[in-house]
Amino acid sequence: MPEKTTVNPGSVAGPGTTGDTVDLAAPGVGAAAAEAAGGPANKPRSLGQDAWRELRVRPMFWIAGVLLVLLIVMAIVPSLFTGADPDHADLRNHYLGEPQWSHLFQVDWFGYNKQGQSVWARTVYGARASIIVGVCVTFAVTVFGGLLGMLAGYFGGWADALLSRITDVFFGIPLLLGALVLLQAFTSRTVWTVTLGLAVFGWMQLARVMRGAVITQKQSDFVTAARALGAGNTRILFKHILPNAIGPVIVVATIALAGYISAEATLSYLGIGLQPPAISWGVDISAAKDVLRDAPHVLLIPSAFLSITVLAFILLGDAVRDALDPKLR
């Protein structure tokens, strides 16, 4: 016979129920009661689902997300934002600061630089190089540093000692100084050489974060159980430990991405990063540094976009950190 029970007032059957008899064996009753209690039956939420529930109600996440989507679209399809050629020079517009109509529905709102090139067009097209460098460096250091951190944290012993000492050696070299020295060896500096220079000296923090997270996770009961069932090291690392240790790495990588974009602009400003005819915010800031008093718009516009991009990534990283860490909720 199907089991029946009497639901008291205020129980999971809902407010106002007065001793109704509920057939728990009836289809859908168990699921409905579980959902009323706060979730689907026998289906606990994952860490990613919990984090998404937290992110959805955070205004800073949506502000940062909208800004980053606009900037990424600007980098991928700059023609949506301007029809001007960023390399086209007209000396008649030399440092002209007022908006000028190039043709119908197109206005160069932010004037022109020394060569008579549109500041707005160069700012739009400059987003591509800066964001590509930031994303590629972040991907490279996350993969390389994360792999070294996993190996050091999981195996311990001499492997941990060796990899940790190598990490300490690279930690002693400042990011910008190391990249500056390395890039001096290249006669032609492109997006990929700048990415290499920053990635070589930027992976250490990610390696340490991953190492600490792996050391914590490898002591968990589920890892012990997987090992007892005969799972190999590769399966334990990538199937059990990595999904649970990746959260702090994602947070650090998101915030570090903003730093890599700033580092690219700094190297270009110093003349060691990207070089003309490449278009980037750092190149334009470097070219405009001597005319701040006479034509401040040439310097301020790319600087403002650089600052907004860095701020957006930092806000996104902070929001993700708060969502992934239950202690901060």
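In what follows, residues are counted from 1 in the order of the sequence shown.
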Query raised in the report: Under 4.5 Å between any side-chain heavy atoms of Phe61 and Leu316, yes or no?
Result: yes

**Report entry** Linked, directly or transitively: Leu311 and Val252 (ILVMFWY side chains, under 4.5 Å)
**Finding:** no

Requested in this report: Apply the test side-chain contact (heavy atoms from CB on, under 4.5 Å) to residues Leu274 and Val194: give CA-CA distance (whole Å), side-chain angles for both, the deciding distance (0.1 Å), then the verdict.
Outcome: CA-CA 7 Å; Leu274 297 176; Val194 174; 4.0 Å; yes

Query raised in the report: If we only count heavy atoms from C-beta on, is the Ile261 to Leu306 side-chain gap below 4.5 Å?
Result: yes

Requested in this report: Determine whether Met74 and Phe305 make a side-chain contact, defined as any pair of heavy atoms from C-beta on separated by less than 4.5 Å.
Outcome: yes

**Report entry** Main-chain N/O of Tyr112 paired with His297 side-chain donor or acceptor, under 3.5 Å
**Finding:** yes

Report summary line: In terms of heavy-atom contacts, Ala278 and Val283 come closest through O-CG1, 3.8 Å

Report task. Kindly say whether Ile241 contributes a backbone atom to a donor-acceptor pair with the side chain of Lys218 at under 3.5 angstrom? Result -> no

Report task. Would you indicate whether the side-chain heavy atoms of Ile132 and Trp192 approach each other to under 4.5 Å? Result -> yes

Requested in this report: Could you grab the distance from atom CZ of Arg122 to atom CD1 of Ile279, nearest 0.5 Å is fine?
Outcome: 4.5 Å

Query raised in the report: Can you tell me how far the OG1 atom of Thr309 sits from the CG atom of Leu257, to the nearest 0.5 Å?
Result: 10.0 Å

Query raised in the report: Is the Phe81-Trp120 ring centre distance short of 6.0 angstrom?
Result: no

**Report entry** Cationic N near anionic O, under 4.0 Å, Asp168 to Arg208
**Finding:** yes

Requested in this report: Kindly say whether Pro78 contributes a backbone atom to a donor-acceptor pair with the side chain of Thr82 at under 3.5 angstrom?
Outcome: no

Query raised in the report: In Å, rounded to the nearest 0.5 Å, how long is the span from CG of Leu148 to CZ of Arg211?
Result: 12.0 Å

Report task. Decide whether Leu67 and Val320 are clustered together by the hydrophobic rule: side chain heavy atoms of Ile, Leu, Val, Met, Phe, Trp, Tyr closer than 4.5 Å, transitively. Result -> no

Report summary line: Here the pair of heavy atoms bringing Ala159 nearest to Phe155 is CB-CB, 4.4 Å

Query raised in the report: For the hydrophobic clusters of this structure (ILVMFWY residues joined by side-chain heavy atoms under 4.5 Å, transitively), does one cluster hold both Ile76 and Val124?
Result: yes

Report summary line: Leu180 and Leu270 have their tightest heavy-atom pair at CD1-CD1, 4.2 Å

Requested in this report: Check the pair Val223, Ile236 against side-chain contact (heavy atoms from CB on, under 4.5 Å), reporting the backbone distance first and the verdict last.
Outcome: CA-CA 7 Å; Val223 175; Ile236 292 175; 3.8 Å; yes

Query raised in the report: If you take all heavy atoms of Ala263 and Leu175, which pair is closest and at what distance?
Result: CB-CD2, 4.4 Å

Query raised in the report: Side chains of Phe186 and Leu196: does their closest heavy-atom pair fall under 4.5 Å?
Result: yes

Query - Atom pair CG/OG1 of Leu198 and Thr193 - distance to nearest 0.5 Å - result: 9.5 Å

Query - Option among Val251, Ile255, Thr254 that satisfies the side-chain contact (heavy atoms from CB on, under 4.5 Å) test with Asp318 - result: Ile255

Requested in this report: Spell out, as yes or no, whether a donor-acceptor pair under 3.5 Å connects the side chain of Ser130 to the backbone of Ala127.
Outcome: no

Query raised in the report: Do Tyr154 and Ile215 have side-chain heavy atoms sitting under 4.5 Å apart?
Result: no

Query raised in the report: If you count the non-hydrogen atoms of other residues, nucleotides and ligands that lie under 6.0 Å from CZ in Phe222, is the total more than 12?
Result: yes

**Report entry** Residue pair Leu242 / Leu237, side-chain heavy-atom distance below 4.5 Å
**Finding:** no

**Report entry** Enclosure of Lys239 NZ (heavy-atom neighbours >12, cutoff 6.0 Å)
**Finding:** no

Requested in this report: Evaluate the criterion side-chain contact (heavy atoms from CB on, under 4.5 Å) for residue pair Ser268 and Ser286; output intermediate values, then yes/no.
Outcome: CA-CA 7 Å; Ser268 298; Ser286 178; 5.9 Å; no

Report task. Flag yes if Val141 and Phe171 sit in one hydrophobic cluster, no otherwise; membership is Ile, Leu, Val, Met, Phe, Trp, Tyr, and two members link when side-chain heavy atoms are under 4.5 Å apart. Result -> yes

Report task. Test side-chain contact (heavy atoms from CB on, under 4.5 Å) on Val133 and Tyr260 and set out the steps. Result -> CA-CA 7 Å; Val133 169; Tyr260 297 134; 5.7 Å; no

Query - Where Cys136 and Thr195 come nearest, the two heavy atoms and their spacing - result: CB-CG2, 3.7 Å

Query raised in the report: Atom CG of Asp85 and atom CD of Gln117: how far apart are they, to the nearest 0.5 Å?
Result: 8.5 Å

Query raised in the report: Which atom names give the shortest non-hydrogen contact between Ile173 and Gly178, and what distance separates them?
Result: CG2-CA, 3.8 Å

Query raised in the report: Cluster question for you: counting only ILVMFWY and a side-chain heavy-atom cut-off of under 4.5 Å, with indirect links fine, are Phe238 and Ile250 together?
Result: yes

Query - Val69 side chain reached by Val66 side chain, heavy atoms, under 4.5 Å - result: no

Query - Inter-residue atom distance Ser262.OG - Tyr269.OH, 0.5 Å rounding - result: 14.5 Å

